[in-house]
Q: 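Can you read through this structure? Questions will come right after.
Here, residue 1 is the first one in the sequence, and each next residue gets the next number.
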Amino acid sequence: MFNQIELSVSSYDTAWVAMVPSPTSHRNPCFPACLNWLLDNQLPNGSWGPCRPHPLLIKDTLCSTLACVLALRRWGVGEEHMTKGLRFIESHFCSASDESQLTPIGFDIIFSGMVEYARDLNLNLPLSSTDIDVLFHKRDLQLRRENSKGREAYLAYVSEGIGKHQDWEMVMKYQRKNGSLFNSPSATAATLSHLPNSGCLHYLTALLDKFENAVPTLHPFHVFPRLCMLETVESLGIGQHFREEITSGEEEIFLDLPTCALAFRILRVNGYDVSSEALAGFAEEHFFNSLGGYLKDLDAVVELFRASQMIIHPNEQLLEKHISWTSHFLKQELSNTSKCAYKHKQNIMQKVNDALEFPHYASLERLVYRRNIVNYDVDDIRMLKSSYSSLSIGNKDFLRLAVEDFNACQSIYREELKQLERWVQEKRLDKLKFARQKLAYCYFSAAATLCSPELSDARLTWAKNGVLTTVVDDFFDVGGSEDELLNLIQLVEKHDLDVSIDCCSEEVEIIYSALDNTISEIGEKAIAWQGRNIKTHVSEIEAQWSKEKAVPTVDEYMRNGYISFALGPIILPALYFVGPRLSEAVVTSGEYSILFRHVSTCGRLLNDIHSFKRESMEGKLNAVSLHIIHGTNSVTEDHVNQELKHLIEERRRELHRLVLQKNDSIVPRQCKELFWKMSKVLHLFYMKDDGFTSHEMANAVNAVIHEP
């Protein structure tokens with residue numbers, strides 16, 4: 001499927017190609033094979049149209065059928081076929097004014113234009129004069145609309161409906177390098193019928209050489225479906241099965257907005273530092289002066305919005321501008337759109353809503369996969385001047401594989417969660433009444449991001465250390481006395497003590513034993529992955545964090561706060577279980593340290609913004625209160641929050657750049673991804689309120705772990 005893109009045949013476009021006269025004799029068709037195809041492919045009900053009939057595609061079928069009848073009349077063949085076709089038009093004509101029907105682009109202009117052409121051919125249509133007057137009135141309203149560059153492009157695109165009234169010299173401004181008009185066989189054929197042009201002739205001849213006797217509604221159309229397949233297998237969670245597929249650059253990419261935006265995003269996500277200048281041609285003014293802008297192409301705008309979020313360099317103002325206008329446009333369209341029976345329209349509105357509600361930096365893979373599986377549209381029908389479909393875009397095999405993969409992984413997650421529940425009981429952590437019991441949340445953050453079945457050790461390590469840091473955090477905040485806190489710090493720093501003698505309370509003994517045993521377990525497990533014992537490194541991580549928990553000072557807050565936020569014990573040990581062997585040089589490198597500092601600073605500041613009011617009431621200082629204290633009298637909480645959010649954005653983008661960077665990087669990509677995954681967890685947890693108390697988070701846990 002990746003190597004062979006199949007697109008449905010368009011009887012509408014084939015009919016227009018069949019109408020093109022021969023350059024040597026206007027009495028003969030230039031492409032008689034198309035005419036023969038029309039004679040051979042009329043449906044039993046007298047119509048031509050979609051291969052798979054659909055109750056919402058009657059307008060499309062009317063348009064295709066009338067075009068085919070005109071082609072047969074143009075060359076004086078198929079009298080019986082024409083009679084049956086006209087009967088179908090007569091019996092279904094009421095659908096031409098049915099607003100609930102899916103309407104082909106330019107229907108009011110094109111259908112009435114074909115009615116006028118039928119008169120020129122002395123073809124008697126079974127329509128009343130009133131019906132015809134209504135059609136022409138609708139066309140006149142469309143043609144009298146205010147002039148704009150976008151409207152000019154639209155009128156060029158629907159040239160076949162304007163016919164002898166068209167300014168064909170204006171139309172030729174839109175001719176592409178391949179000789180076509182908008183890659184549309186029907187528009188190109190109509191142009192060639194009125195204006196001899198070698199480029200148009202070459203395009204249509206090449207089209208018939210490729211497809212033999214019937215054409216699609218759009219050509220070329222192979223890059224976008226291939227990119228869609230890459231996007232689909234990634235977004236449904238089955239990308240690990242398809243690592244060989246690659247893309248190439250050509251005119252089709254750079255002229256087409258959704259194709260270019262999707263290619264840009266896929267390339268950046270996969271570590272290719274492509275310039276944002278690739279999207280320079282799609283500024284707001286340019287878009288609204290184009291055919292897509294005139295048609296309010298939501299598919300295109302949502303792709304540009306998602307691509308523009310891939311900012312990884314400090315001065316990518318172009319992408320910032322794209323985010324601004326696309327988000328405004330999408331929000332406006334979302335609020336203006338009424339309910340629609342057209343499934344693709346429903347799906348694109350859902351896609352718009354998800355893109356606005358779940359930014360890429362706060363989207364956890366497993367939740368994204370589930371959302372995309374639920375909303376995946378098999379048998380996806382799309383509409384241009386006629387409907388079309390492609391197995392590459394809405395394929396049930398992708399969906400079936402995705403569902404099987406999701407449920408298989410979920411069964412593994414449930415078993416791992418049971419294993420962790422036993423671990424909590426064995427370590428007596430459930431006996432600590434002061435501690436929040438958040439095992440499911442801690443494990444969820446691992447399962448939602450470290451999805452692959454083979455990453456079990458990484459998930460369990462991540463979750464166990466998440467539970468332990470929560471317990472220790474609560475112990476320092478509310479559970480322990482000053483003597484107990486000092487005792488725990490001494491134990492963590494010294495090691496190899498007799499816990500029954502050296503622990504001053506049962507709570508300290510439970511916590512220290514759980515820490516010490518878990519560190520030893522992680523060290524032993526890591527030998528199989530790393531070929532060496534990393535217990536010393538894990539112990540140092542725990543000791544550094546515990547020390548920072550106890551001795552924060554105001555002056556050192558921003559410098560040390562990223563350590564006290566406690567991501568170190570969660571992320572850093574898990575790095576040893578994602579695949580690559582990590583040398584001492586890697587784990588002590590500046591790159592490794594910067595990755596950790598960026599994600600921890602984001603977490604620290606997100607936490608401080610959301611916990612400021614509560615911590616102020618408790619008499620605790622954090623980044624917000626420190627900024628207010630050391631600022632001028634005019635500094636407000638809102639002002640500080642905006643400043644800190646800007647800093648978070650800077651650190652997040654720099655983190656993303658480092659994760660995607662290939663050159664001058666010694667930390668393996670799989671390991672760098674772990675820092676980015678934790679950043680996404682933090683942004684999701686703090687999107688609205690404290691994730692540890694959110695009802696929505698409980699629903700997310702169920703969606704990833706419990707509900708098939």
Side-chain angles (χ1 to χ4, degrees), residues 1-6 52 225-247 262 265-266 269-270 343-344 346-348 350-351 354 358 360 363-382 389-421 440 443-460 462-463 577-579 670 673-674 677 680-681 684 698-708:
M1 285 177 61
F2 276 97
N3 295 326
Q4 187 173 357
I5 304 299
E6 293 184 5
R52 291 163 295 165
R226 198 167 279 126
L227 290 170
C228 277
M229 281 192 282
L230 290 171
E231 161 74 359
T232 296
V233 298
E234 289 289 352
S235 67
L236 293 179
I238 51 177
Q240 69 272 19
H241 303 298
F242 305 95
R243 290 297 178 211
E244 300 298 318
E245 286 66 34
I246 58 172
T247 61
L262 185 53
R265 179 161 58 88
I266 288 174
V269 165
N270 285 281
K343 194 166 183 189
H344 179 64
Q346 292 174 347
N347 286 348
I348 187 58
Q350 184 64 51
K351 189 176 176 182
D354 289 347
F358 304 104
H360 78 104
S363 295
L364 307 192
E365 283 89 334
R366 214 70 194 159
L367 288 172
V368 172
Y369 298 160
R370 185 185 184 100
R371 200 159 55 237
N372 290 336
I373 288 170
V374 169
N375 294 327
Y376 189 69
D377 185 16
V378 295
D379 223 13
D380 189 9
I381 298 170
R382 301 199 173 205
S389 61
S390 170
L391 286 176
S392 311
I393 296 176
N395 188 282
K396 59 177 183 270
D397 293 328
F398 284 150
L399 183 62
R400 188 164 56 241
L401 178 58
V403 171
E404 287 176 7
D405 190 85
F406 188 93
N407 289 340
C409 289
Q410 199 176 57
S411 65
I412 294 171
Y413 302 157
R414 285 195 291 270
E415 288 304 312
E416 289 177 357
L417 184 56
K418 289 177 185 175
Q419 185 181 332
L420 287 166
E421 287 167 348
Y443 179 68
F444 158 76
S445 66
T449 53
L450 302 167
C451 308
S452 298
E454 65 271 16
L455 296 180
S456 178
D457 286 340
R459 284 190 293 275
L460 294 173
W462 176 301
F577 300 100
V578 295
Q670 298 100 305
E673 283 284 352
L674 215 61
K677 289 175 190 292
K680 293 204 285 188
V681 169
L684 179 68
N699 290 338
V701 171
N702 287 331
V704 169
I705 300 172
H706 298 297
E707 297 169 6

Q: Please report the C-alpha distance between Leu367 and Leu684 in whole Å, then the side-chain angles of each, then the deciding distance to 0.1 Å, and finally whether the side chain to side chain contact (heavy atoms under 4.5 Å, CB included) criterion is met.
A: CA-CA 11 Å; Leu367 288 172; Leu684 179 68; 4.0 Å; yes
Q: Which one of Leu450, Thr449, Leu420 satisfies the side-chain contact (heavy atoms from CB on, under 4.5 Å) criterion with Arg459?
A: Leu450
Q: Nearest 0.5 Å, please: how far is CD1 in Ile412 from CG in Leu417?
A: 14.0 Å
Q: For the pair Glu231 (side chain) and Ile266 (backbone), establish whether a donor and an acceptor sit closer than 3.5 Å, ignoring hydrogens and angles.
A: no
Q: Say you draw a straight line from CZ of Phe358 to NZ of Lys680; how long is it, rounded to the nearest 0.5 Å?
A: 13.5 Å
Q: Please enumerate all residues that pass salt bridge (charged side-chain N to carboxylate O under 4.0 Å, His left out) together with Arg414, with sequence neighbours excluded.
A: none
Q: Counting C-beta onward and ignoring hydrogens, is there a side-chain heavy-atom pair between Val704 and Leu364 closer than 4.5 Å?
A: no
Q: Would you please test Trp462 and Leu674 for side chain to side chain contact (heavy atoms under 4.5 Å, CB included) and show each step?
A: CA-CA 10 Å; Trp462 176 301; Leu674 215 61; 3.9 Å; yes
Q: Under 6.0 Å from the ring centre and within 45 degrees of the ring axis: does the NZ or CZ of Arg366 meet both conditions for the six-membered ring of Tyr413?
A: no
Q: Salt-bridged, Arg400 to Asp397, with N to O below 4.0 Å?
A: yes
Q: Do any N or O atoms from the side chain of Glu365 and from the backbone of Ala447 form a donor-acceptor pair under 3.5 angstrom?
A: no
Q: Using a 3.5 Å distance criterion without hydrogens, assess whether the side chain of Asn372 forms a donor-acceptor pair with backbone atoms of Ser235.
A: yes
Q: Using 4.0 Å as the upper bound for N to carboxylate O, is an ion pair formed by Glu421 and Lys418?
A: no
Q: Within the side chain of Tyr376, is there an N or O that forms a donor-acceptor pair under 3.5 Å with the backbone of Lys396?
A: no
Q: Between Asp354 and Asn375, does a side chain to side chain contact (heavy atoms under 4.5 Å, CB included) hold up when you go through it step by step?
A: CA-CA 11 Å; Asp354 289 347; Asn375 294 327; 3.8 Å; yes
